[in-house]
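Down below is the structure, laid out as structure tokens.
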Amino acid sequence: MATIRGKHGNFIEHFRPGQVFRHRRGKTLTEGLFAVFTDFSFTTNPLSKNARFARAYGYKGLVAPPGLVMNIVFSQSVEDVSENGRANLEYIDMRFGVPVHVGDTLEAETLVLGVRGSSKEPDRGVVHVQTTGRNQDGDVVLTYQRKVQCWKDDPAAPVATGEVQPRDIPVSLALPAYDPKRNYAQLAHLTSADTYLEDFHAGDVIEHSRGRVVTTEHIALTGMLDNTAQVHCNQWMVDQQPERFLGGQLVVYGGIPFYLCLGLSSADVGDNALADLRYRTGRHTAPVFAGDTVFAKTEIREVRDMPGRPDLGILDTILRGHKFVRKGDAAEKVDIFYLERELVLKRRSHYT
Amino acid sequence: MATIRGKHGNFIEHFRPGQVFRHRRGKTLTEGLFAVFTDFSFTTNPLSKNARFARAYGYKGLVAPPGLVMNIVFSQSVEDVSENGRANLEYIDMRFGVPVHVGDTLEAETLVLGVRGSSKEPDRGVVHVQTTGRNQDGDVVLTYQRKVQCWKDDPAAPVATGEVQPRDIPVSLALPAYDPKRNYAQLAHLTSADTYLEDFHAGDVIEHSRGRVVTTEHIALTGMLDNTAQVHCNQWMVDQQPERFLGGQLVVYGGIPFYLCLGLSSADVGDNALADLRYRTGRHTAPVFAGDTVFAKTEIREVRDMPGRPDLGILDTILRGHKFVRKGDAAEKVDIFYLERELVLKRRSHYT
Amino acid sequence: MATIRGKHGNFIEHFRPGQVFRHRRGKTLTEGLFAVFTDFSFTTNPLSKNARFARAYGYKGLVAPPGLVMNIVFSQSVEDVSENGRANLEYIDMRFGVPVHVGDTLEAETLVLGVRGSSKEPDRGVVHVQTTGRNQDGDVVLTYQRKVQCWKDDPAAPVATGEVQPRDIPVSLALPAYDPKRNYAQLAHLTSADTYLEDFHAGDVIEHSRGRVVTTEHIALTGMLDNTAQVHCNQWMVDQQPERFLGGQLVVYGGIPFYLCLGLSSADVGDNALADLRYRTGRHTAPVFAGDTVFAKTEIREVRDMPGRPDLGILDTILRGHKFVRKGDAAEKVDIFYLERELVLKRRSHYT
């Protein structure tokens with residue numbers, strides 16, 4: 001007879017360079033998760049709203065927005081990688097593969113690329129991982145690296161500092177072919193007329209006008225993803241040791257402002273995107289709490305051709321999120337999110 | 001290189017009588033949206049709850065309640081018509097057509113019928129529109145007019161005051177035929193026994209006993225409809241200029257109390273309805289805020305035959321919503337909603 | 001012309017021993033309800049998450065977790081049995097039958113087994129009922145008894161004290177056959193490696209490490225189940241007479257902590273369960289309010305064979321839920337839930 005504390009998740013001393021986690025659960029994308037998460041984000045792209053539109057483009061049905069794909073894959077890795085994380089430091093080289101539809105089942109695995117203890121703060125360390133999500137056919141839907149700051153559980157335990165090389169994960173963005181016999185122009189009124197590739201110019205900065213407050217809904221949204229990290233949902237734990245937690249309160253899971261920034265930018269830069277191609281790097285620069293209103297802006301870095309697809313082009317951008325924090329009578333703008341983002345955009349010449 | 005403020009929505013000076021908006025996006029009704037929105041409203045009619053029941057009546061599956069159809073069509077018009085609205089003044093002649101089921105894609109368009117500046121309040125004006133929603137087969141599911149008070153963006157801009165005639169939109173309520181071979185009586189226990197046409201009498205007033213508090217959930221619900229009006233979700237914007245906004249706080253999108261009043265009345269007047277036929281006129285008489293508990297009552301105006309359908313009849317009602325507001329120690333009843341509503345009800349003689 | 005107060009639900013004086021309620025509505029399990037409710041509970045069992053996994057075990061798709069089946073059936077009985085309830089006193093002999101999948105329609109009926117007035121508190125009494133839920137094919141999915149303390153409406157009305165015998169409801173847990181040709185081991189990484197039958201020992205107590213705060217989301221969740229009891233959603237009513245209500249505030253519907261405790265225990269005891277078999281008895285020992293963080297622990301009472309199924313065994317447990325309540329500077333642990341629970345677990349010998 002014994003009392004057992006059911007621990008979950010790994011602490012920094014548990015990781016080993018080269019270790020592989022085949023994550024538990026997996027996740028089937030139901031119409032419930034699709035609707036709640038897609039609409040939450042303020043995404044406007046009709047590929048994710050209008051099945052008639054998506055089918056006319058050659059998709060088999062509504063297309064999961066990139067932020068939903070990211071959230072489903074990422075969340076599966078939380079229990080093994082970051083349930084005991086203190087902060088998600090960086091997303092690196094996030095690349096998308098085949099589209100994800102309702103009914104698809106995504107499963108994920110993670111390779112530990114690097115482990116490093118902190119000499120200044122011996123109660124924590126950084127783990128660097130490579131995570132890949134695949135659908136039921138084994139096709140890669142997403143692969144990326146990330147770095148997480150994790151707590152140490154046992155102060156005396158050694159940290160297995162070291163590094164291994166990332167795997168070469170073959171991933172290529174799958175897009176429906178351009179077919180001149182399809183009558184794309186007949187559907188053109190369903191997207192914004194000024195968001196084709198030709199409308200963007202390097203150097204332009206677009207301040208997205210919409211903002212969206214995040215409420216305590218973030219707790220349920222995070223739970224819907226099977227993301228079990230306690231800093232997002234265990235109010236009692238945070239209240240016991242507020243000084244241990246960012247802001248001394250439940251922090252909103254990063255996938256939510258990530259996705260919301262994508263969504264807030266959607267009407268201005270993503271309405272005529274066929275897909276997001278790649279996020280070179282990304283990071284959360286400040287935490288978000290319930291009650292914060294999230295805003296976003298996009299800087300256009302480059303507008304370029306897409307090899308083999310004269311109907312499309314690549315929009316190279318920086319997406320930034322921000323909120324405002326009151327300081328006495330004044331309000332301070334606080335950057336919360338940074339993402340180097342490449343989108344695949346339709347050319348007006350071919351689609352209207 | 002330029003900084004661009006991504007504006008959305010039209011202000012009063014942008015509308016022209018006769019102008020047509022083919023609204024963007026469109027919306028496929030997923031099981032996610034269906035479940036969240038139908039159940040939110042406290043609707044009790046088993047046509048929207050029980051697929052076995054709906055199929056036994058000749059429907060192909062669960063039937064979207066009228067308030068859901070209204071909300072999906074209406075919300076598609078928000079970006080073009082009322083994203084910069086101050087108040088929704090009136091719904092006029094809202095008529096329902098074919099039933100809406102999970103999997104249907106609804107798209108909407110709006111004709112501007114009238115534009116009028118305000119001489120007393122030069123920062124606003126009223127636009128009068130006619131909006132029609134159709135499914136993927138082009139069948140009308142809903143058509144109605146509404147009047148919206150909109151902000152002016154540029155004080156110096158002229159307002160294109162004027163009027164045009166509404167279009168004649170052919171719409172007729174599609175109902176399954178009565179088939180004496182179907183065993184309706186076997187399912188009669190699934191609805192309230194005292195809500196057939198024979199149970200209602202002109203002049204009766206039914207106070208619906210249930211109330212339902214609206215929480216900050218209204219923000220997510222509104223977002224699920226792709227309704228992007230900032231007064232419902234941009235907390236920061238409201239906090240900056242509370243005097244500009246009704247009640248100085250986020251106001252609940254009108255479609256929510258509209259739908260909730262329909263739902264609260266459902267067990268008493270709608271449980272044996274096959275459909276809502278028409279709303280002659282409707283308006284929001286006071287705003288609703290998070291924390292308000294919504295109540296409803298129904299006045300029966302007329303009980304009449306339905307031409308060609310001896311199994312059915314029309315219940316002509318006024319649906320009113322209210323809430324209570326504290327004034328010191330006392331509580332003041334505040335009317336929030338008014339709707340002249342015609343329902344199609346089953347006769348006990350034919351269905352039990 | 002009359003003003004009618006649309007009353008709903010029965011008070012203690014309305015019940016008769018032997019009375020049968022065939023509950024209204026029925027409920028089709030959509031992907032929306034499935035996703036919102038399954039994920040809310042923190043359930044980790046991939047049978048409810050991963051359709052590929054569920055099909056590999058011989059199920060036709062995602063399997064509704066026991067707490068979802070319980071909530072759908074239970075809620076259908078609320079209008080007739082407990083809309084005017086003060087407290088749910090006890091669950092008795094809750095037994096599960098055939099699995100429930102998306103698309104199934106559940107309907108329920110209740111037999112009144114006993115009615116008893118309270119001599120000490122004449123404004124209330126206790127009703128004892130037996131409720132059974134069936135799917136569209138008439139198969140039993142769940143049957144159980146419960147006791148509810150109900151308010152009296154008319155102080156002068158007599159209470160029909162008495163008892164009848166429960167019906168014998170034939171129910172047997174339907175499980176997919178074990179098929180050695182299926183490659184279960186290939187999927188074993190999708191569940192926790194230490195939650196097979198062989199891992200448990202009588203007397204062990206497992207403190208589940210995760211906690212989950214309940215927010216005002218409970219109001220919408222309860223509404224999604226068509227549970228119309230006003231103590232969960234009518235803020236105004238509670239504010240008028242707080243002394244009449246537990247804690248003087250909206251109380252969280254018991255099905256929510258019930259389900260959440262099952263979910264919080266899932267990763268430690270339920271990850272390799274094929275089903276829950278039976279809950280001998282259960283009760284809510286303290287109310288839960290918005291803002292409470294719910295925790296759970298499981299005591300293993302017995303690990304035993306399952307006749308006819310050498311691949312499985314029965315885990316006999318007590319599941320307890322608790323929360324913490326602040327008392328000045330200290331925190332008091334308050335038990336909120338007690339459930340004698342039998343699960344059917346896979347043996348490692350057969351599935352890995």
Side-chain angles (χ1 to χ4, degrees), chain B residues 30-46 49-54 61-62 102 187 189-193 201-217 220-221 263 265 267-269 271 290-295 297-298 300 323-324 326 331, chain C residues 1-9 20-37 72 75-76 79 83-84 102-107 109 135-137 215-230 232-240 250 290:
Chain B
T30 61
E31 289 201 1
L33 180 60
F34 190 95
V36 171
F37 249 79
T38 300
D39 292 343
F40 153 76
S41 73
F42 275 31
T43 301
T44 62
N45 190 315
K49 297 285 178 178
N50 183 327
R52 182 175 92 91
F53 183 92
L62 293 174
V102 168
L187 298 166
H189 66 282
L190 293 168
T191 63
S192 301
H201 304 95
D204 284 353
V205 175
I206 301 161
E207 291 184 4
H208 309 300
S209 63
R210 290 176 185 145
R212 163 66 152 98
V213 67
V214 177
T215 71
T216 54
E217 71 193 319
L221 287 170
S265 78
D268 296 325
V269 304
D271 223 38
D292 288 344
T293 303
V294 173
F295 297 89
K297 69 176 176 179
T298 295
I300 310 299
K323 64 176 185 178
F324 294 94
R326 241 169 239 104
Chain C
M1 175 158 175
T3 293
I4 300 155
R5 174 82 179 153
K7 278 191 182 171
H8 295 281
V20 172
F21 294 103
R22 299 178 73 191
H23 302 301
R24 281 174 286 262
R25 328 299 166 217
K27 186 85 170 178
T28 298
L29 178 53
T30 61
E31 289 200 0
L33 180 59
F34 190 95
V36 170
F37 249 78
I72 295 176
S75 294
Q76 290 186 40
E79 186 178 27
E83 177 141 348
N84 302 306
V102 167
D104 284 349
T105 298
L106 305 188
E107 297 176 9
E109 66 176 24
N135 68 14
Q136 63 283 349
D137 301 319
T215 71
T216 54
E217 72 193 318
H218 75 86
I219 298 165
L221 287 169
T222 303
M224 278 196 84
L225 293 166
D226 304 332
N227 178 330
T228 50
Q230 291 283 289
H232 310 311
C233 66
N234 191 328
Q235 185 71 55
W236 179 256
M237 176 188 78
V238 170
D239 289 347
Q240 293 307 97
L250 290 183

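Here is how names work: the chains are called A, B, and so on, in the same order as the sequence lines, proteins then strands, and each is numbered from 1.
For chain C, no part of B/Thr298 is nearby; none of its heavy atoms comes within less than 4.5 Å. Contact annotation for C/Ala220: both backbone and side-chain heavy atoms come within less than 4.5 Å of a heavy atom of chain B. For B/His201, no part lies near chain C; criterion is any non-hydrogen pair under 4.5 Å. C/Glu31 touches chain B through backbone and side chain together, each having a heavy atom under 4.5 Å away. Interface remark: B/Ser209 contributes backbone and side-chain atoms alike to the contact with chain C (heavy atom separation under 4.5 Å). Proximity to chain C (any heavy atom under 4.5 Å) is restricted, for B/Asp271, to the side chain, taken from C-beta onward. Heavy atoms closer than 4.5 Å to chain C are found in the side chain of B/Leu62, but not in its backbone. With a 4.5 angstrom heavy-atom cutoff, C/His23 touches chain B only via backbone atoms.
Looking at B/Leu190 and C/Arg24, their side chains never come closer than 4.5 Å, going by heavy atoms from C-beta outward. Under the 4.5 Å side-chain criterion, counting only non-hydrogen atoms from C-beta, B/Val213 is in contact with C/Ile219.
Taken from OG1 in B/Thr43 to CZ in B/Phe37, the straight-line distance is 11.0 Å, to the nearest 0.5 Å. Here the CG atom belonging to C/Asp239 is positioned 7.5 Å from the CG atom belonging to C/Leu250, to the nearest 0.5 angstrom.
With hydrogens and angles ignored, the 3.5 Å screen pairs a side-chain donor or acceptor of B/Glu217 with a backbone N or O of B/Thr215.
Closest approach of C/Thr105 and B/Ala51 over heavy atoms only: OG1-N, 3.9 Å.
Heavy-atom pairs under 4.5 Å with chain B peak, among C/Gln76, C/Met237, C/Glu79, at C/Glu79. With respect to chain C, the highest number of heavy-atom pairs below 4.5 Å among B/Arg210, B/Lys49, B/Glu207 belongs to B/Arg210. The candidate from B/Gly32, B/Gly61, B/Pro46, B/Ser192 with the greatest count of non-hydrogen atom pairs under 4.5 Å with chain C is B/Ser192. Each of B/Thr191, B/Asp268, B/Val269 has some count of heavy-atom pairs under 4.5 Å with chain C, and the biggest count is that of B/Asp268. Interface summary for chain B: among C/Gln136, C/Glu83, C/His232, the most heavy-atom pairs under 4.5 angstrom belong to C/Glu83.
Screening C/Asp226, C/Thr228, C/Leu225, C/Leu106 against C/Ser75 for a side-chain contact (heavy atoms from CB on, under 4.5 Å) leaves a single residue, C/Leu225.
Under the 4.0 Å criterion applied to side-chain N and carboxylate O atoms, C/Glu107 and B/Arg52 are assigned as salt-bridge partners.
Using a 30° and 60° split on the angle between ring planes, B/Phe324 and C/Trp236 fall in the parallel class, below 30°.
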